[in-house]
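A, B, ... follow the sequence lines: proteins, then strands. Residue 1 opens every chain. Since we're looking at a predicted model, the values are computed, not measured.
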Amino acid sequence: MAERAVEASDNATLTKDDFASDQIVRWCPGCGDYAILSAMQKALPDMGLAREDLVFVSGIGCAARFPYYLSTYGFHTIHGRGPAIATGVKLANPKLSVWEIQGDGDALAIGGNHFIHALRRNIDINILLFNNEIYGLTKGQYSPTSQQGLITRSTPYGSLERPFSAGEVALGAQATFFARTIDTNVKLMSAIFSEAEQHRGTSLVEVLQNCIIYNDKTHALVTGKEHRDDYQLHLEHGKPMLFGKDSSKGLRLKGLGLEVVTLGEDGVTEADILVHDARDPNPTLHQMLVRMRPPEMPMALGVIRAVAAPTYDQELASQLADSQARAKIRSVKDLLHSGETWEVS
Amino acid sequence: MHDFFRQAASVLPIREDAPLAMTSTAKKKVELDRVVIRFAGDSGDGMQLTGSQFTYTSALLGNDIATLPDFPAEIRAPQGTLEGVSGFQVQIGAVDVHTPGDEADVLVAMNPAALRSNLKWLRPGGHLIVDLDDFEGKNLKRAGYDVDPLADGSLDAYSVTPAPITSLTKEALKGVALSTKGIVRCKNMFALGLVYWLFNRDPERTLAFIEEKFRKDDALVEANSKALLAGYNYADTIEALPSTFEVAPARIAPGIYRHIAGNQATAWGLLAAAERLESELFYASYPITPASDILHELSRHRGMGVVAFQAEDEIAAVCSAIGASFAGRLAVTASSGPGIALKGEGMGLAVMAELPLVIVDVQRAGPSTGLPTKTEQADLNIALHGRNGESPCIVLAASSPAQCFEAAYMAAKLAVEHMTPVILLTDGYLANGTEPWRIPNLDSMPDIRPQVPPAGTVVPFQPYLRDPEKLARYWALPGTPGLEHRIGGLEKEDVGGDISYDPANHQRMVDLRSEKVARVADVLPPQAVRGEQHGKVLVVGWGGTQGSLLTAVIELEAAGESVGLAHFQYLNPLPSNTEEVLSRFEHILVCELNSGQFARHLKSMFPNHRYHQLNKVQGLPFRVNEVKDRIMELCHG
């Protein structure tokens, strides 16, 4: 289709402010979403992408307002359907960098089906899952990631349901990229967003996000100053899984599970500590890392899994190119006259 | 009588080398204007193939044709049961044929179940050909016969030819390298050969078809060819059939013709629109009867750049199409009633985002899962009203299998020119029905002009700035520098497109979206009337009933009745002369395969007319005679 010829923008000169739209940001004061937006605006200039080639898609929820606050193309859609809309955008124009913003209810409850199938197809989009373990926009009902027993407006006697772990669901759906970060660490968020953009295939980034109104301090064990050294494990590919003050603790295998050990105690040395391999196609260890929860274990942060695999859009493009090279029918006229025809004179 | 046929079978000579069409003894030929043949058998008996071969051969001879496959929802119901019966009806004519026919002149029933469930379609005095070998013991019981209907006189009203088709096929294929099961499966070709003889059709074309279809398996080529010729020769030999029939070529417009089924025509119409738009088609759907053949057809055409995406569910199908539309593709989703219900929220988003989108609803009998393989027109209400809020869509309907091509093309054209979702209603009857189609000249199709942002578009882009005439907004595509913008499902501020909760703005936007769709009437062709242009009775219909209604009106008009037909293709908005057309007739008879949805629509818009209704919800098309009877009541009542 005819496109308007307008000069391509020069990305080299773009700064964080160039990615802010003229809209007043309308999240609650103190909401974790502000930090996520800031981290994204900070990361975007470094990705080397033109503003016009970025599309932010979202469903419904507090998180879903995200596209309005960016100066790129944006589409705020309907509850849970973001991955399906983003799939259509990407397949229609594979050159675009497509981002999809979801909350835990949007991704794992009403949109669970689209979420797992996007991951399964490994289509090259980036999904940011803002996980605050609560429904915010609808004013405080429990979500599929809420802890069992949580008292909310729809569970005055405590939630009966076992929570989903976003990472476990994702790995079960054969995700090729899963990272986890927290809304209190802008630097880590920016770095992970850039890594997600680099990855070819569906990238899922879970952001542990605080809802100051309906579920305040739900991630406090992980983010709080007093425990964060002991409860945050920052994973880096090729580096040992060390954490704690002075990196004195580490993870090692014990039977079919993981255990926390302290360097120097019981003869433990750094050589005993597992080295993170985000690129291992076997997801077994990634699953174990994803499952860890404080206080028994630290929360794994960083890129937990980043495995190279064919993407749906690349495979489609090669099928299209291959079919077009070999096609006998190249136009509708060819098609209408294909097969059996007869002439009436 | 049975014994006679068994005897004939045992002395049957297979004359492979004899020139076929000339072997006939002096048989009585009956010239017919049109004839209806119905093939019925177990769903594994190959009746669809048999029927379509007969159809092709007749089309090549220049007959006008309409077909109706009638198959069960079960893929392979237990053999010999009523549930497993598959039928194929075809009307061939030396004159224009608009329907597959009310009643069959000839019924081929391959087993007792097929006879029991299809006899009601055979006209009294019609010819019945049955596979005698199947009329025994457990097969009779399975079909629910306590007594053999061939022996109890219950078929006396028909001219019956009980041929031992299975045993003759076995006999003819002795020595062919196939299992007994494989040999028995060729009995449909034997039956086809018999019917070819009956209608003076040369089996040559089907022999060529067999050669091509089974080119990888010599035994199958040999078996099917032999069975076909055996059937033909058998009919020629036994002289038990009273006469043969001749249906001369129809007088149809010159041109290059082909056969086309409704779903195929829908797919091709979409492709033609995408080509004209210089866009590659994006098609997303979830498998559902009877819409899946559109997906199958478009999936074949990767070579034309089509992305045919099988989504994880109906909602993902409509939503991925909306995403593709946002990114600049001609985007289409299709389904049938249950899937359309699921797509409602997505369609509302497309209304609000004002993005072009084509939604094809291949209607089937509902509600809920209903009768998946049977036709109905009961989704008009959901098309017109089935979304939350004030959510108008353009709605149009295709009127014949081949007309699906033009209807799909026009649906796409209206969607991209008016920046709105368009619902195209077809139905199971159109989807699977076939007819000969004069291949159109694509250059003569109307041009498609998308809403490209005009030169001098203000930056930052204002997504809800509208074309002043049509009120359509502009389609600014991601990837285009300077036109970055945000849209979504929340109410938008007029012109600027920011989220707005302003009461007056909401009123204005609701009115604008409604007026935008209403103004489409300005570009629609005026509603035509066939038959009498004014007078006593105006038959009103829409969609797939055109064939039956037109046949009824033409026949009654020829008999001197004051009757006309207004068959609507555009249902929302209606053509601007609709009220004027209605006012030309004393009585308005709205005929539809539902309980009166279009009638209610018309009555609410144009209350000052004398409306009558003919409604039917049996999963079946109208019979010409039932339409004629109702018209006659009004003409003379």
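- Centroid-to-centroid, the aromatic rings of Trp268(B) and Phe405(B) stay 6.0 Å apart or farther.
- A donor-acceptor distance shorter than 3.5 angstrom exists from the side chain of Arg258(B) to the backbone of Leu336(A), with no hydrogens or angles considered.
- Contact count versus chain B (heavy atoms, under 4.5 Å) is highest, among His117(A), His114(A), Lys90(A), for His114(A).
- Side chain of Gln264(B) to main chain of Ala261(B): a donor-acceptor pair is present (N/O by atom type, distance under 3.5 Å, no hydrogens or angles).
- Contacts between Leu70(A) and chain B at a heavy-atom distance below 4.5 Å involve the backbone alone (N, CA, C, O).
- At a cut-off of 3.5 Å, with distance as the only test, a side-chain donor of Thr206(B) or Gln53(B) sits close to an acceptor on the other residue.
- Contact annotation for Tyr69(A): neither backbone nor side-chain heavy atoms come within less than 4.5 Å of a heavy atom of chain B.
- For the residue pair His485(B) and Tyr73(A), no side-chain donor N or O sits within less than 3.5 Å of a side-chain acceptor on the partner.
- Under a 4.0 Å N-O distance rule, the pair Arg438(B)/Glu343(A) does not qualify as a salt bridge.
- Both the backbone and the side chain of Thr77(A) have a heavy atom closer than 4.5 Å to some heavy atom of chain B.
- Side-chain contact between Phe54(B) and Ile92(B) is present, with heavy atoms from C-beta onward closer than 4.5 Å.
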Worksheet entry | Stepwise side chain to side chain contact (heavy atoms under 4.5 Å, CB included) check, Gln198(A) with Met47(A) | CA-CA 8 Å; Gln198(A) 295 279 312; Met47(A) 292 182 193; over 6 Å; no

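- When each of Leu335(A), Ile60(A), Thr341(A) is checked for heavy-atom pairs under 4.5 Å with chain B, Leu335(A) comes out on top.
- Between the side chains of Asp17(A) and Thr15(A), no donor N or O sits under 3.5 Å from an acceptor N or O.
- In this structure, the portion of Leu349(B) lying under 4.5 Å from any heavy atom of chain A is its side chain and not its backbone.
- Looking at Arg120(A), there are no atoms closer than 4.5 Å to chain B (heavy atoms on both sides), in backbone or side chain.
- Close placement of the Phe130(A) and Phe66(A) rings is indicated, their centers lying within 6.0 Å of each other.
- Neither the backbone nor the side chain of Ser58(A) comes within contact range of chain B; no heavy atom of the residue lies under 4.5 Å from a heavy atom of that chain.
- Ranked by non-hydrogen atom pairs under 4.5 Å with chain A, the options Ala272(B), Ala331(B), Pro249(B), Ala311(B) are led by Ala272(B).
- Using a distance-only test at 3.5 Å, with no hydrogens or angles considered, no donor-acceptor pair links the side chain of Ser320(B) to the main chain of Gly88(A).
- Contacts between Leu355(B) and chain A at a heavy-atom distance below 4.5 Å involve the side chain alone, from C-beta outward.
- The choice from Glu312(B), Glu275(B), Glu280(B) that makes the most heavy-atom pairs within less than 4.5 Å of chain A is Glu312(B).
- Between the side chains of Asn122(A) and Thr176(A), a donor-acceptor pair is found at a separation under 3.5 Å.
- Under the 3.5 Å distance criterion, with hydrogens and angles disregarded, a donor-acceptor pair is assigned to the side chains of Lys16(A) and Ser38(A).
- Interface residue Ala353(B): only side-chain heavy atoms are found under 4.5 Å from chain A.
- With a 4.5 Å cut-off on non-hydrogen atoms, Leu316(A) touches chain B through its side chain but not through its backbone.
- Of the listed residues (Ala327(B), Gly305(B), Pro254(B), Cys319(B)), the greatest number of heavy-atom pairs within a distance under 4.5 Å of chain A belongs to Cys319(B).
- Among the candidates Pro67(A), Ser323(A), Ala321(A), Ala327(A), the residue making the largest number of heavy-atom pairs closer than 4.5 Å to chain B is Ser323(A).
- Ranked by heavy-atom pairs under 4.5 Å with chain A, the first of Val306(B), Leu271(B), Leu442(B) is Leu442(B).
- Glu314(B) and Lys343(B) are joined by a salt bridge, as a carboxylate oxygen and a charged side-chain nitrogen come within less than 4.0 angstrom of each other.
- Ranked by heavy-atom pairs under 4.5 Å with chain A, the list Val318(B), Val307(B), Asp313(B), Ile322(B) is led by Asp313(B).
- The candidate from Phe282(B), Phe326(B), Trp437(B) with the greatest count of non-hydrogen atom pairs under 4.5 Å with chain A is Phe326(B).
- Side chains of Ser500(B) and Lys492(B): a donor-acceptor N/O pair is absent below 3.5 angstrom, by distance only.
- Heavy-atom distances place both the backbone and the side chain of Ser338(A) under 4.5 Å from chain B.
- Neither the backbone nor the side chain of Arg26(A) comes within less than 4.5 Å of any heavy atom in chain B.
- Of the listed residues (Val57(A), Leu320(A), Thr87(A)), the one with the most heavy-atom contacts under 4.5 Å to chain B is Leu320(A).
- Both the backbone and the side chain of Ala316(B) come within contact range of chain A, each with at least one heavy atom under 4.5 Å from a heavy atom of that chain.
- For the options Asp22(A), Leu91(A), Leu54(A), heavy-atom pairs under 4.5 Å to chain B are most numerous at Leu91(A).
- In this structure, the portion of His301(B) lying under 4.5 Å from any heavy atom of chain A is its side chain and not its backbone.
- Neither the backbone nor the side chain of Lys95(A) comes within less than 4.5 Å of any heavy atom of chain B.
- For Tyr34(A) and Trp27(A), the gap between ring centers is short of 6.0 Å.
- Only the side chain of Arg205(B) comes within contact range of chain A, with heavy atoms under 4.5 Å apart.
- If you measure heavy-atom distances from Ile252(B) to chain A, the contacts under 4.5 Å come from both the backbone and the side chain.
- Interface residue Leu96(A): only side-chain heavy atoms are found under 4.5 Å from chain B.
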